[in-house]
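Read the structure below first, then the notes.
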Amino acid sequence: MKKQDIPEQEELQILSLNAFSGMGGAMAPDVAALVERRRRAFGAASVLFYDEPLRIVRAEGAYIHASDGRAYLDFYNNVPTVGHCHPKVVEAVRAQLGAFNTHSRYLFDVAHDYAEKLLATFPAELSNLVLACTGSESNDLALRLARKVSGGEGIIVTRTAYHGNTATVTEVSPSSYKTGAPPRHVRMVPPPDPGLFGNDIAQGFADAVKAEIAALKADGIGFAGLLVDTIFSSDGVYADPPGFLKAAVEVTRAAGGLFIADEVQPGFGRTGEGMWGFSRHGVVPDIVTMGKPMGNGYPMAGLVTRPDILDAFCADFGYFNTFAGSPAACAAGLAVLEAIEEDGLIANAARVGRHLTGRLKRLQARAPITAVRGAGLYLGIEFGTEKGPAPDIAKGLINGLRDHGILIGAAGRYGNVLKIRPPLCVTTAHADLLVDTLEELLA
Ligand SMILES: Cc1ncc(COP(=O)(O)O)c(C=O)c1O
């Protein structure tokens with residue numbers, strides 16, 4: 001069955017996937033007590049994973065230790081990219097907090113050591129860095145830059161995109177909508193899925209972008225740009241073929257828009273092919289946004305762009321962000337960059353990712369798996385049957401894996417794609433444990 005022929009199923013919001021419902025089995029008394037305190041203090045906005053939430057006590061490398069005395073192998077978390085509690089990052093932050101910490105309106109050497117080392121990983125024209133605290137702030141600022149430079153308002157994103165939580169960024173994050181639809185200046189295109197576009201994904205995706213640019217124009221809305229997560233994680237993980245984004249970027253620029261690459265998910269070496277997801281596609285974005293793995297858990301984020309873009313924005317507005325680029329943040333970020341190099345994590349992501357992909361593709365022949373996709377240590381396993389997408393299988397596996405001591409999450413329009421994005425220090429033995437356990441559960 002072709003994807004366009006699949007009957008519409010219930011769509012899932014990314015923030016609701018694998019959420020605690022209160023309908024699960026009995027909880028350990030210490031866990032139940034904390035769940036109750038959490039419900040009282042944090043109310044309706046509090047989201048927990050699993051029907052029996054984990055109460056975490058410590059973490060190290062690829063493992064999270066919980067109050068039930070078990071060590072859980074973390075295949076979910078792309079924040080502690082160099083490993084949970086990496087000693088180098090912990091020590092760098094501890095030492096900086098013990099020396100001094102302040103906002104960024106003073107000179108301190110670590111800011112420059114960090115900025116220069118980070119910028120050296122980008123194409124030369126992307127030579128200005130703005131630091132922020134969250135991926136949402138970075139995307140919010142990116143939208144302001146794109147709108148200023150293009151003179152337009154209209155933004156194109158993918159159908160199940162998530163780019164963050166500010167008022168403006170929620171507008172461009174269709175996967176957060178529980179009801180309603182994005183506003184008129186936000187247009188959606190399908191993800192770059194071979195089931196939708198056939199073999200010529202580059203052309204199909206570019207045509208979809210072109211059609212939405214025309215639709216914006218027809219409604220009298222100027223085009224500001226195309227914003228995509230370059231591994232399309234919340235859409236269900238789409239990485240191949242490398243280079244497919246190039247045609248859509250050309251269409252975007254020809255219409256006067258900017259290309260914003262959201263590297264919050266694939267960035268910092270996860271694809272195993274260099275630092276950034278966009279470079280797999282042979283494009284140089286106008287703006288690149290970063291977050292999650294940047295401080296290995298210390299909250300830091302940012303964007304890089306060309307000076308002409310930043311100059312145009314700064315002619316109209318000031319930008320200050322109290323905690324962004326603090327000495328402690330820069331120390332954390334610098335330690336992350338050094339750990340990626342010293343621990344050989346990009347090569348490890350390539351090696352373990354290749355091994356894992358090979359094993360998952362062999363498993364595919366014996367399981368209701370419709371696709372294994374991704375790059376390096378960002379992989380998606382899509383489940384489906386002749387009836388269409390199978391979110392129930394993915395949900396069952398998430399809970400079954402947890403029972404076997406492995407943490408993992410889901411993505412995709414229907415929540416039927418298991419999302420694999422462990423700390424980059426995982427080994428092939430960890431990968432084997434994941435696939436062996438999946439095999440056992442599927443049997
Ligand atoms: C692709 C992408 N962009 C941006 C964000 C927002 O980052 P933050 O939660 O740090 O604001 C997320 C968070 O999940 C994300 O996945």
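Since we're looking at a predicted model, the values are computed, not measured. The chain is numbered in sequence order, starting from 1.
- With 3.5 Å as the limit, one finds no donor-acceptor pair spanning the side chains of Glu137 and Thr166.
- No donor-acceptor pair closer than 3.5 Å links the side chain of Asp286 to the backbone N or O of Leu258.
- For His281 and Phe244, the ring centers sit closer than 6.0 Å to each other.
- With 3.5 Å as the limit, one finds a donor-acceptor pair spanning the side chains of His355 and Asp432.
- Residues His84 and Asp74 bring a donor and an acceptor atom of their side chains to less than 3.5 Å of each other.
- Although no hydrogens or angles enter the test, the distance criterion places a donor-acceptor pair under 3.5 Å between the side chain of Asn296 and the main chain of Thr81.
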Can Ile287 and Val304 be said to form a side-chain contact (heavy atoms from CB on, under 4.5 Å), step by step?
-> CA-CA 6 Å; Ile287 305 169; Val304 297; over 6 Å; no

Apply side-chain hydrogen bond (donor to acceptor under 3.5 Å, both in side chains) to the pair Thr305 and Asn128, showing each step before the final yes or no.
-> CA-CA 5 Å; Thr305 189; Asn128 277 176; over 6 Å; no

Salt bridge (charged side-chain N to carboxylate O under 4.0 Å, His left out) between Glu125 and Arg306, worked out = CA-CA 6 Å; Glu125 50 270 61; Arg306 295 193 311 269; over 6 Å; no

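- Residues forming a side chain to side chain contact (heavy atoms under 4.5 Å, CB included) with Thr437 (at least two apart in sequence, or on another chain): Leu401, His404, Ile406, Leu433, Leu441.
- A donor and an acceptor atom, one from each side chain of His185 and Asp219, are nowhere located under 3.5 Å apart.
- Enclosure of atom CZ in Phe323 is not indicated, since only 12 or fewer non-hydrogen atoms of other residues, nucleotides or ligands lie within 6.0 angstrom.
- A cation-pi arrangement is present between Arg421 and Tyr76, with the terminal nitrogen or guanidinium carbon under 6.0 Å from the aromatic centre and inside a 45° cone about the axis.
- Judged purely by atom type and a 3.5 angstrom limit, Thr427 uses its side chain to pair as donor or acceptor with the backbone of His430.
- If you check the side chains of Glu382 and Asn416, you find no donor sitting under 3.5 Å from an acceptor.
- In this structure a side-chain-to-backbone donor-acceptor pair under 3.5 Å is present from Asn399 to Lys395.
- Side chain of Asn348 to main chain of Val426: a donor-acceptor pair is present (N/O by atom type, distance under 3.5 Å, no hydrogens or angles).
- Ser234 places a side-chain N or O within 3.5 Å of a backbone atom of Thr160 that can act as its donor or acceptor partner.
- Applying the 6.0 Å contact sphere to CG of Asp109 captures no more than 12 heavy atoms from other residues, nucleotides or ligands.
- Within the 3.5 Å criterion, the main-chain N or O of Val237 finds a donor-acceptor partner in the side chain of Arg373.
- Around CZ of Phe42, the count of heavy atoms belonging to other residues, nucleotides or ligands within 6.0 Å does not exceed 12.
- Sorted by first and then second residue, the pairs that involve residues 110-119 and meet side-chain hydrogen bond (donor to acceptor under 3.5 Å, both in side chains), not counting sequence neighbours, are Lys117-Glu341.
- Residues Tyr238 and Asp240 have side chains that never bring a donor and an acceptor to within less than 3.5 angstrom of each other.
- Note that Arg253 lies outside the cation-pi zone of Phe259, set by a 6.0 Å cut-off to the ring centre and a 45° limit from the axis.
- With salt bridges taken as basic N to acidic carboxylate O contacts below 4.0 Å, one links Glu439 and Arg359.
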Begin from the C-alpha positions of Asn321 and Leu131 and carry the test side-chain contact (heavy atoms from CB on, under 4.5 Å) through to its verdict.
-> CA-CA 8 Å; Asn321 189 329; Leu131 288 167; over 6 Å; no

Atom pairs and distances, donor-acceptor, side-chain atoms in residues 195-208, under 3.5 Å, two or more places apart:
from: Asp200; atom 1: OD1; to: Gln203; atom 2: N; distance (Å): 3.2
from: Gln203; atom 1: NE2; to: Asp207; atom 2: OD1; distance (Å): 3.0

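- Side-chain atoms of Arg270 come within 3.5 Å of backbone atoms of Pro422 as a donor-acceptor pair (strictly under, hydrogens ignored).
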Does the pair Val372 and Ile369 meet the rule for a side-chain contact (heavy atoms from CB on, under 4.5 Å), with working shown?
-> CA-CA 8 Å; Val372 174; Ile369 294 175; 4.0 Å; yes

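- Side-chain contact annotation: Asp262 with Asn139, donor-acceptor N/O pair under 3.5 Å present.
- Side-chain N or O atoms of Ser173 include none that pairs as donor or acceptor with a backbone N or O of Ser175 at under 3.5 Å.
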